[in-house]
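First the structure, in the form of structure tokens, and then the observations on it.
All values derive from a computational prediction rather than experimental measurement. Note: hydrogens, waters and symmetry copies are ignored here, and every other heavy atom, side chains too, is used.
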Amino acid sequence: MQKALPRPIAAALATVLAGSLAACSFEPPLRVPQAPLDKTPYTAAARIKQTVVPGGPAGQAQEMEYGKELHEEWWKLFHAKALDELITAGLKNSPTIAQAQAQLREAQATAKVNNSIFYPQITGNLQANRSKASAAAFGRSGGFYYSLITGSVGVTYYPDIFGVNRLVYRNSEALVKYQQWELEAARLTLTGNIVTTAINEAATAGQVRATTAIIAQEKKLLQLTENQYRAGAIDYVNVVNQRSQLATEMATLPPLEQQLAVYRHELAILVGNFPANASRQTFTLEELQLPEKLPVSLPSQLLKQRPDIRAALAQMRAANAMIGEARAQFYPTVQLSAAFGATATHPGLFFNPVSSIWSLVGALSQPIFEGGKLEAQKAEAHAAYDVVYAAYRSTVLSAFAQVANALRAVEHDAQTLAAQREAFQAAAQALQLAQASYRAGASDYLTLLTSEVQYDHARIAEIKAESQRYQDTAALLVALGGGWWNKTGPRAPASAPQNSHSDAGTLPAAQANP
């Protein structure tokens with residue numbers, strides 16, 4: 001029969017447990033840089049309201065909708081079915097996403113391990129022993145045999161009087177959030193890379209088609225030039241110049257085809273396939289639709305919407321908990337353990353009350369002198385926090401720089417495309433006039449050759465300007481965070497802004513943790 005604990009011991013246990021429930025925490029207030037005001041613009045210049053209208057394909061005006069939320073699947077603003085299919089495959093098969101998911105599961109498992117310290121640790125033991133002992137100690141010869149069966153249940157508990165256990169768990173909990181945001185950042189990076197690579201592929205494919213058309217035109221001009229030379233209308237040097245021009249254009253085609261192959265291989269890798277499986281048809285810029293309305297988050301919202309900023313903030317919380325752990329190491333550690341069981345020489349006596357055994361142990365450990373180790377650990381924790389604090393500021397500044405650069409790029413891309421489109425139209429008209437004049441014998445070959453070169457450069461420049469407009473639009477959407485906050489289902493991080501603002505990065509520098 002189990003005996004009741006002595007009254008003084010029970011009272012001590014109750015006191016320790018009550019103290020652990022009301023345990024203080026040595027975690028300092030979380031220092032976070034002040035969030036920018038919404039009235040603060042992203043750039044030094046005035047806000048961009050609407051871009052110019054370049055005209056033609058990819059020439060719509062784009063309107064900035066400040067304060068509007070971005071759709072979760074931001075890439076669908078381009079209305080390209082093939083692009084949607086690639087991104088769906090990438091999110092499903094990409095090894096970078098699989099790696100981030102595994103790291104999240106690892107962090108969650110570590111948090112569960114650290115969470116177990118809040119509960120009593122119960123261990124069962126059973127041991128059977130058969131031994132021979134010498135009888136010499138009793139003045140006899142020979143020996144005797146005996147059996148011993150011991151079984152017990154032990155309980156160990158670490159009262160969290162000074163909050164060390166909670167600080168360890170807060171650290172691991174913050175690292176779980178960090179991995180959640182790293183996973184979201186990996187998704188955003190992957191989708192951004194797929195869109196950018198697809199646009200590069202489309203632009204390169206357009207340049208290949210334009211160059212192929214230019215080469216075909218140069219061949220016709222070479223044939224015309226040779227006919228005029230045979231008729232005695234021009235000198236042979238014009239034939240040589242045209243052959244040189246044709247060869248120059250033909251030399252630009254293989255590098256473009258090589259670059260096109262590289263982009264197709266990159267797309268295959270991004271969706272988790274081998275380059276040999278990149279068998280789909282190339283994208284064209286005509287497949288993409290330029291978004292005419294661009295939601296632009298307010299500056300204060302950007303801190304809540306960028307996964308990399310949220311990840312950096314989670315690192316700060318983890319480092320802050322480490323400071324508390326270092327401070328708590330200066331105070332005592334309490335361990336309570338109890339065991340109850342039985343020991344007998346025969347199985348039939350094992351459950352006899354006379355065979356029962358029990359023990360109750362309370363242990364307290366207090367550091368007295370450790371050669372300055374604890375002070376050094378505290379200084380190390382503070383320095384580690386300063387590192388992540390500076391990293392957080394750097395991440396925020398970089399995010400705002402990306403948004404500011406993308407906003408100005410979208411504005412200037414429209415202006416560039418308008419100028420390039422006008423230049424191309426003028427070059428195309430000049431080439432037509434030069435060809436007609438050359439055929440009629442009203443102008444020399446040098447005039448025609450100059451018009452050809454201007455036309456070639458203008459066509460390629462127009463394609464590059466169209467591509468850059470698509471790329472910078474995608475860069476702006478990615479820089480704003482990608483719209484994850486509008487997603488539904490298990491992919492949404494547990495600390496989404498609509499549910500909790502405690503780690504959104506808007507705390508003043510001296511505000512304490514909730």
Side-chain angles (χ1 to χ4, degrees), residues 25 27-33 35 72 91 96-118 163-190 297 300-326 381 384-396 398-399 480-509 511-514:
S25 174
E27 184 179 9
L30 183 68
R31 295 184 294 114
V32 181
E72 172 200 349
L91 291 173
T96 59
I97 300 299
Q99 179 183 3
Q101 290 172 335
Q103 289 172 331
L104 173 58
R105 293 195 301 271
E106 180 184 11
Q108 290 171 334
T110 301
K112 289 182 179 179
V113 171
N114 293 333
N115 186 56
S116 65
I117 196 64
F118 293 107
V164 178
N165 298 341
R166 277 183 293 163
L167 289 169
V168 172
Y169 181 71
R170 284 176 68 90
N171 175 275
S172 58
E173 188 179 38
L175 293 179
V176 169
K177 291 184 178 180
Y178 168 76
Q179 292 299 339
Q180 286 178 337
W181 295 118
E182 284 291 284
L183 173 58
E184 203 60 53
R187 290 192 179 108
L188 180 60
T189 300
L190 177 67
S297 304
S300 62
Q301 289 297 115
L302 186 66
L303 299 183
K304 302 175 184 179
Q305 296 171 180
R306 286 271 302 214
D308 54 344
I309 295 178
R310 301 295 294 270
L313 184 61
Q315 285 185 311
M316 290 175 61
R317 292 189 178 280
N320 205 52
M322 292 294 292
I323 294 177
E325 289 182 44
Y385 183 86
D386 291 339
V387 170
V388 296
Y389 182 89
Y392 176 84
R393 290 192 60 209
S394 178
T395 301
V396 171
S398 177
L480 292 170
W484 58 264
W485 52 92
N486 288 322
K487 68 168 57 74
T488 57
R491 275 186 53 193
S495 53
Q498 60 266 32
N499 297 327
S500 172
H501 295 275
S502 63
D503 65 342
T506 58
L507 298 177
Q511 185 167 338
N513 284 328

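Counting only heavy atoms from C-beta outward, the side chains of Tyr389 and Asn320 never approach each other to under 4.5 Å. Contact of the Leu175 side chain with the Thr110 side chain is not registered, since no non-hydrogen atoms from C-beta on lie closer than 4.5 Å. Between Arg317 and Tyr178, every side-chain heavy-atom pair lies at or beyond the 4.5 Å cut-off.
Considering all non-hydrogen atoms of both residues, Ser297 and Gln301 come closest at CB-CB, 4.3 Å. Of all heavy-atom pairs between Leu91 and Ile97, the closest is O-CG2, 4.0 Å. The two residues Gly324 and Pro28 make their nearest non-hydrogen contact at N-CD, 4.2 Å. Shown here for Leu303 and Arg310, the closest heavy-atom pair between the two residues is O-CD, 3.4 Å. In this structure, Tyr169 and Asn115 approach most closely via the heavy-atom pair CE1-CB, 3.6 Å. For the residue pair Ala399 and Ile309, the shortest heavy atom distance occurs at CB-CD1, 3.8 Å.
Listed by chain and number, the residues in a side chain to side chain contact (heavy atoms under 4.5 Å, CB included) with Asp386 are Arg31 (sequence neighbours excluded). Qualifying side chain to side chain contact (heavy atoms under 4.5 Å, CB included) partners for Ala100, counting only residues two or more places apart in sequence or in other chains: Leu183, Ala186. With sequence neighbours excluded, the residues satisfying side chain to side chain contact (heavy atoms under 4.5 Å, CB included) with Glu325 are Leu167, Val168, Asn171, Met322.
The number of heavy-atom neighbours closer than 6.0 Å to CD of Gln101, taken from other residues, nucleotides and ligands shown, is above 12.
A distance-only check finds a donor-acceptor pair linking the side chain of Thr395 to the backbone of Ala391 [under 3.5 Å].
At a threshold of 4.0 Å, the pair Arg170-Glu173 does not count as salt-bridged, since none of the basic side-chain nitrogens sits closer than that to a carboxylate oxygen.
The CZ atom of Arg187 sits 10.5 Å away from atom OG1 of Thr96, with the distance rounded to the nearest 0.5 Å.
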